[in-house]
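To start, the structure under review is shown below, and the notes come after it.
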There are 2 protein chains.
Amino acid sequence: MYFCSMYTFAEENYLKAIYKLSELDTQAVSTNAIADLLQTKAASVTDMIKKLSDKRLLKYEKYKGVELTDKGKKIAIETVRKHRLWECFLYDKLKFGWDEVHEIAEQLEHIQSEVLVDKLDEFLEFPTHDPHGDPIPGKNGIVKKTNFILLSELELDKKAIMAGVVDHSSVFLQYLNKLEITLGIQVQLVERNEYDGSIEIQIQRKKLHLSKEVAKNILVKLK
Amino acid sequence: MYFCSMYTFAEENYLKAIYKLSELDTQAVSTNAIADLLQTKAASVTDMIKKLSDKRLLKYEKYKGVELTDKGKKIAIETVRKHRLWECFLYDKLKFGWDEVHEIAEQLEHIQSEVLVDKLDEFLEFPTHDPHGDPIPGKNGIVKKTNFILLSELELDKKAIMAGVVDHSSVFLQYLNKLEITLGIQVQLVERNEYDGSIEIQIQRKKLHLSKEVAKNILVKLK
DNA sequence: AAATATTTTTAGACAAGCCTAAATTATGTA
DNA sequence: TACATAATTTAGGCTTGTCTAAAAATATTT
Ligand SMILES: [Mn+2]
Ligand SMILES: [Mn+2]
Ligand SMILES: [Mn+2]
Ligand SMILES: [Mn+2]
């Protein structure tokens, strides 16, 4: 009503979802993949795809999936940038837990004001990573690649730093809270169990046993 | 899509507008008054009024205007609280000008998360007034009355403190910026011109001449 | 009191975003 | 290659929130 944004919440959410999926795979993004990620129906996705295609935000060939145009990718990355900056604000300044910030940032990412994003960035002292270890795209649209590896693939006795998560669900993050696994702490692989892929790690003064499932959802940075 | 708020942006904006208008006048709020304030059409207002009436957020009698119910008033005040807290954030923390905060707060006020409001309030150290001098409603829904008077009604030679504005438009606020009139500074009425209602004031080391129009849009607190 | 002007409501339309059910196209398997 | 299955699109419908134009009610003048 008051603000007429360039793009609607729904449009930005679709672009963000398509961007995320296109990073996982070089192929065109399928209708069903988008529907799954956004928890909506394939028919709704087809509707929106047509609108975004009309606006030249993506390339669409019937039955062949979609690919973002440069314009579409730019908007997607801007939205990711806003999302991650707001997550930093919620975590660093308002002292939310890393398991609580995502849902609120899903809303805040759609606030329209270019100067707001810049001022927020400055206020947060230009953070490079969000509370989940994901890189914050620059104002120029460049997203730094992180060279993290899965904790499940860490070599025996090697030391590393907890650097990110694959699963962003609050259930998983709360489980890590309980284990006192936080980003930035040092980890060393003590033992790998070949039978079930579970591992034993040393963090701080504790030894922890982690299932393969959990280890595959934690990212570490080699020292 | 992701968040299903109790009330939509439009509903909250209508409730806020009706609350504002009902504070100006004890009578029921008219359809046209709402349409003017929200810059929409009377027909749209009638539509929305029916929906809000169905939801028991206001009492509506055809052709007789509307009155908020306790439930409607509660939501309106909560929205005002969020609006003003966000304005404080933008002004105090992000260093926006007082002429820039309103538009962005119009968007931020609709973010749904009760704990976010509480944490923001705490982060801002429980401010009592927004950058325009308007009181911030408490968590309990109580809005403190300010006993400010119009600068145009200040008595001769009396000293007072700049405390608020009636006109919140950025044009007016920018004009005050140019005159270096900011909230909190002392003001003394030096002369009143009976002919056109204009006044001469002393602020800091300067004497300023203000039209009646301007003086009627500035609020001061007696010392 | 009647005529006129203003306010408010109704009627009908539209765009955005979603849905279900049915039709169509693509893909994988016997 | 033909059939079965899965993916995708189309058709038609719904809600929200907006609009214009016309009708109805209320308020103001004369
Ligand atoms: Mn979102
Ligand atoms: Mn994140
Ligand atoms: Mn608003
Ligand atoms: Mn304000």
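Keep in mind that what you see is a predicted model, and the values were worked out from it rather than measured.
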D/dT18, OP1 or OP2 - any side-chain N/O from B/T40 closer than 4.0 Å?
no
Is the shortest side-chain N/O distance from B/Y14 to OP1 or OP2 of D/dT18 below 4.0 Å?
yes
Would one find more than 12 heavy atoms of other residues, nucleotides or ligands at under 6.0 Å from atom CD of B/E213?
no
Just how far, in rounded Å, is [atom2] of [N] from [atom1] of [X]?
X: B/L52; N: D/dT18; atom1: CG; atom2: C1'; answer: 15 Å
X: A/K55; N: C/dA15; atom1: NZ; atom2: P; answer: 13 Å
X: B/Y7; N: D/dT16; atom1: OH; atom2: P; answer: 14 Å
X: A/L38; N: C/dG17; atom1: CG; atom2: C1'; answer: 12 Å
X: A/D54; N: C/dA16; atom1: CG; atom2: C1'; answer: 13 Å
X: B/M48; N: D/dT15; atom1: CE; atom2: C1'; answer: 12 Å
X: A/M6; N: C/dA16; atom1: CE; atom2: P; answer: 15 Å
X: A/L57; N: C/dA16; atom1: CG; atom2: P; answer: 13 Å

Is the NZ or CZ atom of B/K93 positioned over B/F123's six-membered ring, under 6.0 angstrom from the centre and within 45° of the axis?
yes
Would you mind reporting whether [Y] and [X] have side-chain heavy atoms less than 4.5 Å apart?
X: A/I218; Y: A/L176; answer: yes
X: B/L219; Y: B/I149; answer: no
X: A/H83; Y: A/E12; answer: no
X: A/D134; Y: A/V80; answer: no

Basic-acidic side-chain contact under 4.0 Å: B/K55, B/E11
yes
For B/H110 and B/F9, take the angle between the two ring planes, folded into 0 to 90°, and tell me which bin it lands in: parallel under 30, tilted 30 to 60, perpendicular over 60.
parallel
Relative to the ring of B/F89, is the ring of A/F89 parallel (under 30°), tilted (30 to 60°) or perpendicular (over 60°)?
tilted
Taking five pairs at each end, how big is the angle between the two axes of the helix from C/dA1-D/dT30 to C/dA30-D/dT1, to 10°?
10°
Assign a letter to each nucleotide of nucleotides 5-12 of chain D from its 5' end: B, base within under 4.0 Å of a protein heavy atom; S, sugar-phosphate only; -, no contact.
--SBBB--
